[in-house]
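The block underneath contains the structure these notes are about, expressed in structure tokens.
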Amino acid sequence: MNWVSKMFSSSLGKKYIMSLTGLFLCSFLVIHMVGNLQLFYNDSGLAFNKYAVFMTTNPLIKTTSYLLYATILFHAFKGIFLAYKNNKARPVKYAVYKGSSNSHWTSRNMGILGTILLVFIVVHMSDFWYEYKFGHIPYTRYVTDLQTGDLVSVEQMPEEFVMKSKMEESIDGFNKITIVKNLYLEVSEEFKEWYLVLLYVISMFAVSFHLYHGFKSAFQSLGLNHKKYNNLIQFIGVWVFSVAIPAGFAAMPIYFFFK
Ligand code: HEM
């Protein structure tokens with residue numbers, strides 16, 4: 001057996017893979033969160049729309065995206081399988097189960113929390129990612145003053161207007177003209193629906209609980225825990241991944257709903 005198949009079949013190897021893929025997904029969440037903060041700019045979505053074009057056309061990011069999709073699928077299905085196997089391997093678990101004295105409930109429910117997240121990602125990607133790539137997102141024309149950077153005008157292009165690319169920019173006198181697919185409008189319209197806002201907010205609790213255990217556990221599984229750094233890892237796991245990131249994401253649908 002070579003080291004690759006050993007890695008995939010030994011229980012330690014499986015933990016390593018879950019930890020590495022999990023930490024990769026955590027790093028995606030940080031980038032996704034920072035990029036999405038542009039939804040809060042008061043610029044009718046110009047910065048966010050430009051960012052979406054960059055993220056979907058830059059060759060390096062496009063390649064990383066394919067790795068991301070594969071990682072999501074791998075981490076999710078391997079996680080569900082592991083949770084199922086662990087459950088089956090402990091048929092008398094209720095007899096010896098000592099509730100919270102054994103472990104935090106998040107660590108016992110990683111499979112369920114991960115499954116909620118998988119459902120969320122499928123709904124989320126079909127709403128935005130699929131629509132942006134394969135659906136029809138209308139264009140908007142933004143005019144900005146080149147000297148001050150101020151927005152001069154914003155005009156929705158007719159539904160039937162299409163271009164070869166997602167964005168075109170040109171200079172007209174002292175103004176910059178940007179015609180770009182308006183993904184911002186799609187996001188703001190989606191979050192007018194209360195049930196989607198609710199789904200997002202509930203899913204962010206799942207993100208929070210999943211990462212509350214997952215982040216620090218990944219470091220433990222990789223053997224990267226050390227007395228010197230454990231407090232820092234615990235701090236980042238709790239305050240960044242289980243509070244700030246889910247709260248920031250949850251703020252987006254809530255913001256558009258009440259806007
Ligand atoms: C609640 C706030 C969120 C908003 C407003 C949001 C918005 C978006 C938008 C507009 C896209 C499509 C643009 C693109 O393809 O780059 C997208 C893609 C995506 N989102 Fe989110 N997102 C949110 C939260 C999340 C969360 C919490 C996760 C994961 C748990 C997530 C996972 C993804 C993935 C995997 C993609 C595809 C990325 C790619 O193609 O590279 N999103 N999101």
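It should be emphasised that the depicted structure is a prediction, and the values quoted were computed from it without experimental measurement. Both counts, for ligands and for their atoms, begin at 1 and track the order of listing.
Given atom 16 (O) of ligand 1, the protein heavy atom at minimum distance is T56 CG2, 4.2 Å. The closest protein non-hydrogen atom to atom 34 (C) of ligand 1 is F28 CZ, 3.5 Å. Protein heavy atom closest to atom 33 (C) of ligand 1, with residue, atom name and distance, is H124 CD2, 3.5 Å. Nearest protein heavy-atom neighbour of atom 26 (C) of ligand 1: F120 CE2, 3.6 Å. Looking only at protein heavy atoms, the nearest one to atom 1 (C) of ligand 1 is F249 O, 3.2 Å.
Taking the six-membered ring for Trp, F28 and F24 have ring centres at least 6.0 Å apart. A distance below 6.0 Å separates the ring centres of Y184 and F256. The aromatic ring centroids of F191 and Y255 lie 6.0 Å or more from each other.
Polar contact with ligand 1: present for Y69 (N/O pair, distance under 3.5 Å). Below 3.5 Å of separation, one finds an N or O of W129 facing an N or O of ligand 1.
Ring planes of H32 and F249: tilted class, angle from 30 to 60°. Note on ring orientation: taking the six-membered ring where Trp is involved, the planes of F120 and H124 are parallel (angle under 30°, cut-offs 30° and 60°).
Counting the atoms of ligand 1 from 1 in the order shown, those under 4.0 Å from a heavy atom of M252 are 2 (C). Listed by number with element, the atoms of ligand 1 under 4.0 Å from a non-hydrogen atom of L29 are 28 (C), 29 (C), 30 (C). Heavy-atom proximity to S65, at under 4.0 Å, picks out these atoms of ligand 1: 41 (O). When each atom of ligand 1 is checked for a heavy atom of I72 under 4.0 Å away, the hits are 35 (C). Residue N36 approaches ligand 1 through these ligand atoms, each under 4.0 Å from one of its heavy atoms: 3 (C), 4 (C), 5 (C), 6 (C), 7 (C), 22 (N), 23 (C). The L183 neighbourhood of ligand 1 comprises atoms 10 (C), 13 (C), with distances under 4.0 Å to a heavy atom of that residue. Close approach of ligand 1 to Y200 is summarised as follows: ligand atoms under 4.0 Å from at least one heavy atom of the residue are 1 (C).
One finds a salt bridge joining E169 and K50 here, because a Lys/Arg side-chain nitrogen approaches an Asp/Glu carboxylate oxygen to under 4.0 Å.
Using a 4.0 Å heavy-atom cutoff, L117 is absent from the residues neighbouring ligand 1. Within the 4.0 Å heavy-atom cutoff, T64 does not count among the residues contacting ligand 1. Remark: distances from the non-hydrogen atoms of L25 to ligand 1 are all 4.0 Å or more. Within the 4.0 Å heavy-atom shell around ligand 1 one finds L39.
If you look at M204 next to ligand 1, the close heavy atoms, those under 4.0 Å, all belong to the side chain. Contacts between H32 and ligand 1 below 4.0 angstrom, taking non-hydrogen atoms only, involve the side chain exclusively.
The closest heavy-atom contact to atom 12 (C) of ligand 1, among the options F54, F256, Y255, F128, comes from F128.
Because its NZ or CZ atom is both nearer than 6.0 Å to the ring centre of Y212 and within 45° of the ring axis, K216 counts as a cation-pi partner of that residue. Remark: K133 fails to qualify as a cation-pi partner of F128 under the 6.0 Å distance and 45° angle criteria applied to the six-membered ring.
No side-chain donor-acceptor contact under 3.5 Å links H213 and T106.
Within a 6.0 Å radius of OH in Y69, other residues, nucleotides and ligands contribute more than 12 heavy atoms. Heavy atoms of other residues, nucleotides or ligands lying less than 6.0 angstrom from CG of L198 number more than 12. Heavy-atom neighbours of F81 CZ from other residues, nucleotides or ligands within 6.0 Å: at or below the threshold of 12. Residue F235 qualifies as open at atom CZ: its count of foreign heavy atoms under 6.0 Å is 12 or below.
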